[in-house]
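Order of the sequence lines fixes the chain letters, A, B, ..., with proteins taken first and strands second; residue numbering starts at 1 for each chain.
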4 protein chains.
Amino acid sequence: MVNKVILVGNVGKDPEVRYFDNDQAVANFPLATTERGFKTRDGQEVPDRTEWHNIVAWRGLAKIAESYIKKGTQLYVEGRIRTRSYDDANGVRKYMTEIYADTINLLGRRSSGDNDQAGSADQPMQHTSSNQQSAAQNNLSNSSDQGSFNAGESGPEDDLPF
Amino acid sequence: MVNKVILVGNVGKDPEVRYFDNDQAVANFPLATTERGFKTRDGQEVPDRTEWHNIVAWRGLAKIAESYIKKGTQLYVEGRIRTRSYDDANGVRKYMTEIYADTINLLGRRSSGDNDQAGSADQPMQHTSSNQQSAAQNNLSNSSDQGSFNAGESGPEDDLPF
Amino acid sequence: MVNKVILVGNVGKDPEVRYFDNDQAVANFPLATTERGFKTRDGQEVPDRTEWHNIVAWRGLAKIAESYIKKGTQLYVEGRIRTRSYDDANGVRKYMTEIYADTINLLGRRSSGDNDQAGSADQPMQHTSSNQQSAAQNNLSNSSDQGSFNAGESGPEDDLPF
Amino acid sequence: MVNKVILVGNVGKDPEVRYFDNDQAVANFPLATTERGFKTRDGQEVPDRTEWHNIVAWRGLAKIAESYIKKGTQLYVEGRIRTRSYDDANGVRKYMTEIYADTINLLGRRSSGDNDQAGSADQPMQHTSSNQQSAAQNNLSNSSDQGSFNAGESGPEDDLPF
DNA sequence: TTTT
DNA sequence: TTTT
């Protein structure tokens with residue numbers, strides 16, 4: 001049983017982050033992936049096609065979304081498809097498909113001049129939900145670990161040859 | 001821009017296959033993926049959760065669906081997320097998220113006795129849409145390849161029992 | 001930074017499992033994936049091509065490998081590529097590429113007659129390493145979670161034989 | 001049978017591109033993915049770990065590599081694992097694991113000032129080999145499509161310089 | 001609606 | 001609603 005989604009796209013709006021009593025947080029934002037159009041053999045134009053994904057990020061990923069993700073950000077998102085139903089204002093049952101994020105990577109974070117000076121903000125980042133399927137199945141309750149996670153990021157790749 | 005879905009699950013109903021004038025075919029069927037539940041650290045039970053995916057398979061994949069996929073079949077499906085809107089009988093706009101299949105693999109096709117004798121029907125199958133993203137994005141006009149694809153499929157595997 | 005491998009194939013030999021003093025375990029086994037050959041347009045035969053992957057599974061996954069995986073088993077494996085170097089008996093440096101498993105699913109576990117009687121052993125299984133990339137990359141100090149992971153596994157899934 | 005690799009990383013050296021008589025081209029370059037280190041519960045430091053992948057890109061992908069990929073470029077690569085053997089200068093059999101690219105995306109291609117002026121070269125790009133697994137496994141005789149593929153590439157994306 |  |  002595998003339910004895996006891998007997306008690379010651009011964020012359409014700044015994330016909306018909500019906090020709960022138990023220190024839980026959840027972020028929601030749209031992510032666009034565009035398939036380039038093409039021309040069929042018989043000359044028909046198939047236009048570009050943009051798909052909008054509703055990304056949902058919990059816990060540490062929500063906090064990262066709040067701090068680092070904004071309209072236009074290019075992201076790698078790995079997660080699972082979840083369809084949720086709810087009743088709208090008129091009592092009509094609605095369905096909404098969301099991508100429950102397990103891992104988020106900020107892409108393309110290079111300094112503007114592409115000159116790799118020390119201390120630049122080029123650090124790529126990867127963040128993984130501790131509540132992901134794996135973790136969930138492992139019964140981990142490690143939301144606090146995510147705090148220490150951000151700090152670790154900016155240093156360790158300085159010795160890399162690029 | 002990446003929009004990739006990888007599923008391993010079980011088919012919920014026999015596929016519905018429709019044919020069009022231009023010899024096109026499309027198959028639709030539901031696929032279930034179940035996430036096992038767990039118990040949280042504080043003793044809460046999180047139950048199993050089954051997600052139903054609407055799989056859409058075109059062309060050669062549709063024909064394969066018709067011939068080899070039925071209720072209960074275990075599948076590997078690789079594809080893309082597509083949200084489609086339509087107006088229902090009451091003129092209400094509805095949205096439906098589908099998985100547009102690019103590759104389908106039939107899993108677990110072992111002979112009934114699991115005894116690996118020669119000539120057993122253990123051959124796993126993989127099939128790939130020729131209209132997948134890659135092709136589309138490369139402007140291939142290979143609808144005729146899809147013809148030869150289908151023909152080819154039954155060609156080189158003629159010694160296989162399907 | 002993403003290093004992800006997804007394989008569906010058949011196990012080539014029974015796993016070799018080694019145990020360590022600290023109750024750690026590791027399993028190694030080969031997994032075959034076969035790409036079907038084809039004929040090029042100019043008539044050349046491209047033969048089938050089988051790739052052998054060296055799968056490495058730690059901790060709970062090793063135990064599952066020992067109990068449920070044997071020669072011929074069809075598996076879904078998700079993991080990471082790791083190249084390891086070592087010096088052979090002649091002091092020659094050798095490199096070996098392995099797939100470090102994060103998730104393993106046993107596929108196609110249907111009862112021999114495909115008759116779904118109660119109590120059959122058809123349970124599909126998914127198992128995920130608690131030491132997977134996500135945890136590692138998030139600077140989590142959850143080795144104990146890994147402990148509780150193993151324990152946890154037998155918690156919420158008490159009806160499973162592991 | 002699935003053999004899929006998904007990588008997001010940085011190119012370590014400018015690609016080496018070789019051309020053949022039949023207008024074929026192949027590019028080789030190393031891609032680094034870094035797994036962040038962490039501290040285990042008992043205080044052990046697990047350092048960062050960089051994995052170097054040998055990427056091989058044929059045909060149109062090779063030309064794209066030549067034109068757009070250089071040391072430092074951040075890439076999404078989707079492909080397959082292939083282990084190749086060869087005899088070195090001393091007649092010793094060697095093995096080399098490569099990633100045969102099916103799709104390459106250039107990531108993070110924003111104009112240097114992040115100011116979205118018209119006509120900027122910010123186009124993200126995705127490119128897919130027409131000789132990918134799917135085609136191969138479906139017995140397509142589309143080597144000529146690969147020809148038309150390359151031609152086709154410059155068709156619908158005529159504003160792109162390839 | 002599947003599967004275990 | 002993004003991005004090119």
Calculate the interatomic distance between A:Lys70 atom NZ and F:dT2 atom P; express it in whole Å. 13 Å
With a non-hydrogen cut-off below 4.0 angstrom, is B:Lys13 in contact with a base, only sugar-phosphate, or nothing? base
Taking atom types as modelled and ignoring hydrogens, do the side chains of B:Tyr76 and B:Glu78 form a donor-acceptor contact shorter than 3.5 angstrom? yes
D:Asn105: partners by side-chain hydrogen bond (donor to acceptor under 3.5 Å, both in side chains), with sequence neighbours left out: D:Gln126
Among F:dT1, E:dT2, F:dT3, which nucleotide has an atom closest to any side-chain atom of A:Asn10? F:dT3
Would you indicate whether the side-chain heavy atoms of C:Ile69 and C:Val11 approach each other to under 4.5 Å? yes
Atom pair distance, as rounded to whole Å: CG in B:Leu75 and P in E:dT1: 19 Å
Suppose we call a contact any N or O donor and acceptor under 3.5 Å apart; does that hold for the side chain of A:Thr33 and the base of F:dT3? no
Measure the distance from CG on C:Asn105 to C1' on E:dT2 and round it to the nearest whole Å. 15 Å
Main chain of D:Gly108, side chain of A:Gln74: is a donor-acceptor contact present, judged purely on distance under 3.5 Å? yes
Could you check whether B:Trp52 and the base of E:dT2 form a stacked pair, meaning centres closer than 5.5 Å and planes differing by less than 30°? no
What is the distance, to the nearest angstrom, from the NE2 atom on A:His53 to the P atom on F:dT3? 16 Å
Looking for any heavy atom pair under 4.0 Å, which part of the strands does A:Thr50 touch: base, sugar-phosphate only, or nothing? base
In whole angstroms, the gap separating C1' of F:dT2 from OH of A:Tyr76 amounts to 20 Å
Between P on E:dT1 and CD1 on B:Ile69, what's the gap in Å once rounded to a whole number? 20 Å
Closest of F:dT1, F:dT2, E:dT2 to the B:Ala32 side chain is E:dT2
Non-neighbouring partners of A:Thr97 that pass side chain to side chain contact (heavy atoms under 4.5 Å, CB included), sequence neighbours left out: A:Ile81, A:Thr83, B:Thr97
Round to a whole Å and report the spacing from CD of A:Glu35 to P of F:dT3. 19 Å
Please give, in whole Å, the distance from E:dT3 P to B:Leu31 CG? 12 Å
